[in-house]
Amino acid sequence: MEVKHPAVCLPDSGRRHCLLATLAVLGSPLLTACNTPEPLLRIGSNGWPGYQFLSWAADSGVLSPQQIRLLRISSTTLAMRALSAGMLDGACLTLDEVMTSLSEGIPLKVVAVLDVSNGADAVLGGDSVTSLAQLAGKRIGVEGNAVGAVMLDALLQRAGLQHDQVMVVPLLLDQHEAAFERGDVDVLVTMEPQASRLRARGASELFSSADIPGRIVDVLAVHEQVLGRSRRAVQALVDGHFAMLQRYSREEQAGKAYMASQLGVSHAELQTIFAGMHLPGRAENQRWLTGRLDQEARNLTSVMRRAGLLPRPVTQGQLSVPDFVEGA
């Protein structure tokens with residue numbers, strides 16, 4: 001029988017006594033669970049704003065460096081390679097990146113939903129395109145990843161168009177602003193903070209992730225084996241994220257100061273970025289991880305297959321593990 005919280009240990013006169021030690025006379029496996037140290041939990045994270053609450057927890061000492069190592073990684077591509085090589089135990093990823101990892105044979109499980117895009121991903125038009133009715137025949141710049149594919153797919157559905165009725169121009173994220181301003185594309189599928197900067201220079205917003213609620217999701221995913229060998233560390237990691245969400249609601253200025261410095265943006269820009277994101281608490285996470293996320297993953301898999309982003313089939317199974325969001 002699996003024990004979710006195998007033991008609680010309390011300090012007593014400089015020694016640590018397990019509350020379940022009295023079960024030793026019964027030969028209980030709970031005593032071993034209390035005394036056996038878990039391996040260090042290694043988690044990869046990049047600079048996306050929704051992941052900053054975990055960084056804040058690590059830098060504030062809420063997460064123990066002896067238990068959890070949060071590694072800043074420049075790109076999710078590198079994070080996925082590290083997961084595949086066994087150099088990471090988990091990572092902060094978009095749901096599409098989880099599906100890509102599954103297709104590559106990396107058995108990930110989602111233990112928390114960190115944020116949901118609610119306008120942070122946007123489709124912008126230049127002077128020649130100020131409404132969806134003008135979209136046919138136009139050049140649309142978009143990054144060749146699943147988030148771009150989801151946004152483009154939803155945009156064309158809303159406009160009543162097929163893919164062959166527009167010209168798709170592949171662009172890396174760091175090319176977005178320059179390509180749009182040069183006029184290389186008429187429409188751009190982009191994200192924050194690029195979207196805010198372009199809107200400030202006159203771009204029109206045609207569509208955003210707020211029009212497709214719940215479709216673009218950032219999650220905390222761990223290797224399936226971690227659920228057995230580092231369960232207490234995973235619980236501490238998830239608890240740390242929610243603790244910093246609560247702290248942010250109490251100490252908003254301190255949180256903004258930390259995150260603005262981490263992201264290299266002003267407080268005003270940070271306000272715009274977070275206005276386009278929804279940050280689910282524990283109760284909403286329970287709803288996500290008891291059905292909704294798995295359904296969104298299946299929908300996303302269909303979009304990714306149509307876009308040619310999943311060369312191998314995905315064996316999804318039960319993707320979500322709600323145990324860790326049920327309460328501190």
If you count heavy atoms of other groups shown closer than 6.0 angstrom to CD of Gln162, is the number above 12?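 For Gln162, atom CD is not crowded (no more than 12 foreign heavy atoms under 6.0 Å).
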Crowding at CG, Asp164 (>12 non-hydrogen neighbours, <6.0 Å): yes
Salt bridge between Arg199 and Glu192, side-chain N to carboxylate O under 4.0 Å?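 Here Arg199 pairs with Glu192 in a salt bridge, since their nearest N and O are under 4.0 Å apart.
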For Asp239, is there an ion pair with Arg232 - N to carboxylate O distance below 4.0 angstrom?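 Salt bridge: no.
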Joint hydrophobic cluster, Leu173 plus Val185, side-chain heavy atoms closer than 4.5 Å: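 Result: no, two separate clusters.
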Transitively linked via ILVMFWY side-chain contacts under 4.5 Å: Leu71 with Leu237?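 Yes; Leu237 is reachable from Leu71 via cluster members.
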From CA spacing to verdict: side-chain contact (heavy atoms from CB on, under 4.5 Å), His176, Met191: CA-CA 9 Å; His176 282 195; Met191 59 182 283; 5.9 Å; no
Side-chain contact, heavy-atom cut-off 4.5 Å: [X] with [Y]?
{"X": "Gln271", "Y": "Lys256", "answer": "yes"}
{"X": "Met304", "Y": "Val314", "answer": "no"}
{"X": "Asp186", "Y": "Met167", "answer": "no"}
{"X": "Phe274", "Y": "Leu279", "answer": "yes"}
{"X": "Glu38", "Y": "Arg229", "answer": "no"}

Set of residues satisfying salt bridge (Lys or Arg N to Asp or Glu O under 4.0 Å) with respect to Arg69, sequence neighbours excluded: none
side-chain contact (heavy atoms from CB on, under 4.5 Å) between Ser196 and Glu269, intermediate numbers included: CA-CA 8 Å; Ser196 288; Glu269 288 174 317; over 6 Å; no
How close do Leu198 and Glu181 get, heavy atom to heavy atom, and via which atoms? CD2-CG, 4.2 Å
Which atoms form the tightest heavy-atom contact between Pro170 and Val168, and what is the distance? CD-O, 3.7 Å
Under the ring pair (Phe, Tyr, Trp, His ring centres under 6.0 Å) test, which residues partner Tyr248, sequence neighbours left out?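 Checked Tyr248 against ring pair (Phe, Tyr, Trp, His ring centres under 6.0 Å); matches are Phe53.
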Please determine whether side-chain contact (heavy atoms from CB on, under 4.5 Å) holds for the pair Leu227 and Lys109, giving the CA-CA distance in whole Å, both sets of side-chain angles, and the decisive distance to 0.1 Å. CA-CA 9 Å; Leu227 299 178; Lys109 296 293 183 182; 3.9 Å; yes
For His163 and Arg306, run side-chain contact (heavy atoms from CB on, under 4.5 Å): C-alpha distance rounded to whole Å, both residues' side-chain angles, the deciding distance at 0.1 Å, then the answer. CA-CA 11 Å; His163 281 254; Arg306 289 199 300 270; over 6 Å; no
